[in-house]
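The next block holds one structure in the form of structure tokens; read it before the comments.
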Amino acid sequence: MTEAVTPPPPRDPFEPPVLDEHVLDAPAATGAPVVTAAEVRDGAAVALLVGVAGVLLGLLWVWLSPRLQYVSNGQAVFLKDTESEARIGSDGTFLLLSVGLGAVSAAATFLWRRAGGVALVVGLGLGSVFAALVGWRVGLWLGPSDDVVARAKQVGEGVPFDAPLQLLAYAVLLAWPMAAVAVHLALTALFTPRDPSPPSPWTTYPPPHVHTPSDPTP
């Protein structure tokens with residue numbers, strides 16, 4: 001005598017499928033941390049190296065920035081050329097140098113560690129902010145003296161002398177970190193292998209029972 005087999009009850013098409021608990025708990029079961037200690041060390045190293053590179057920004061800014069000149073008549077100090085665009089050119093030079101060095105630092109970081117990661121991007125961003133500040137302060141330190149009165153007395157009446165470097169728009173200090181993060185994210189998106197897609201929880205629902213001629217009859 002053949003044992004009767006009861007088919008499973010039909011499933012309501014509007015009822016959501018039951019997800020497999022093993023699929024839901026997969027990230028927790030692995031126990032892998034989101035940011036590893038090695039990634040933190042890499043991020044700290046990137047922040048340090050990029051921050052030190054800010055000295056190069058200061059040197060290039062002093063060397064390439066257009067010069068604004070003053071002249072003294074013995075009583076006051078005036079601009080030698082009132083139509084000069086050197087003051088705006090100083091900001092533009094700093095901006096272009098920051099964007100270029102930001103792109104270079106991002107490319108170097110990507111070539112060193114051909115992967116993304118939160119720690120690496122954070123280290124690159126923080127190091128870039130520090131590099132921009134270092135470059136700004138180094139440029140002011142190495143540039144002409146900011147004591148205009150003393151400088152005018154030193155060179156004498158009617159002799160032009162260079163004005164100190166200045167940033168009129170402090171927003172250019174964000175050029176390096178913005179360029180670095182943008183270029184690094186672009187390189188990561190273009191050249192980093194994709195992670196394998198996790199298994200879809202919708203595939204864990206058992207297929208509906210289908211009667212075939214081989215199924216035993218009650």
Side-chain angles (χ1 to χ4, degrees), residues 16-64 91 93-143 165 167 169-205:
V18 180
L19 303 181
D20 190 351
E21 61 180 359
H22 297 292
V23 175
L24 294 177
D25 297 338
T30 58
V34 177
V35 179
T36 64
E39 291 177 341
V40 173
R41 289 194 298 269
D42 290 345
V46 168
L48 178 61
L49 293 176
V50 174
V52 172
V55 177
L56 178 61
L57 172 60
L59 295 175
L60 292 175
W61 187 37
V62 173
W63 180 32
L64 299 176
D91 286 27
T93 302
F94 192 94
L95 175 64
L96 294 177
L97 290 173
S98 298
V99 171
L101 291 175
V104 171
S105 61
T109 300
F110 178 78
L111 293 176
W112 180 51
R113 289 288 185 266
R114 291 180 177 272
V118 176
L120 205 63
V121 175
V122 170
L124 178 61
L126 293 178
S128 300
V129 171
F130 184 71
L133 294 175
V134 169
W136 174 42
R137 301 310 300 178
V138 168
L140 297 181
W141 178 55
L142 296 179
L165 290 177
L167 284 181
Y170 291 108
V172 298
L173 294 173
L174 299 177
W176 187 325
M178 292 178 64
V181 173
V183 171
H184 186 270
L185 291 179
L187 293 175
T188 302
L190 291 175
F191 301 106
T192 300
R194 304 295 185 188
D195 295 333
S197 301
S200 176
W202 302 100
T203 60
T204 61
Y205 191 86

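Positions are given from 1 along the sequence.
Between Trp61 and Gly139, the shortest heavy-atom contact is CE3-CA, 3.7 Å. The two residues Ala180 and Ser105 have their closest heavy-atom pair at CB-OG, 3.9 Å. Nearest heavy atom pair, residue Gly123 against residue Val46, reads C-CG1, 4.2 Å. The two atoms that bring Leu187 and Ala107 nearest to each other are CD1-CA, 3.8 Å, heavy atoms only. Closest heavy-atom contact between Leu57 and Ala132: CD2-CA, 4.1 Å. The two residues Val55 and Val138 come nearest to each other via the heavy atoms O-CG1, 4.3 Å.
Atom CG of residue Leu167 and atom CG of residue Leu140 lie 7.0 Å apart, to the nearest 0.5 angstrom. The distance from the CG atom of Leu59 to the CH2 atom of Trp63 is 10.5 Å, given to the nearest 0.5 Å. Distance check: Leu64 CG to Leu96 CG gives 10.0 Å after rounding to the nearest 0.5 Å. Here the OG-CG distance, from Ser128 to Leu124, works out to 4.5 Å after rounding to the nearest 0.5 Å.
When the options Val181, Leu97, Val50, Leu133 are evaluated for a side chain to side chain contact (heavy atoms under 4.5 Å, CB included) with Trp176, the one that passes is Val50.
Judged by distance alone, with hydrogens and angles left aside, the side-chain atoms of Asp42 form no donor-acceptor pair with the main-chain N or O of Leu120 at under 3.5 Å.
Atom CH2 of Trp141 has 12 or fewer heavy atoms from other residues, nucleotides or ligands within 6.0 Å.
The shortest side-chain heavy-atom distance between Leu173 and Phe94 falls under the 4.5 Å cut-off.
Between Phe191 and Phe110, the ring-plane angle classifies as tilted under the 30° and 60° cut-offs.
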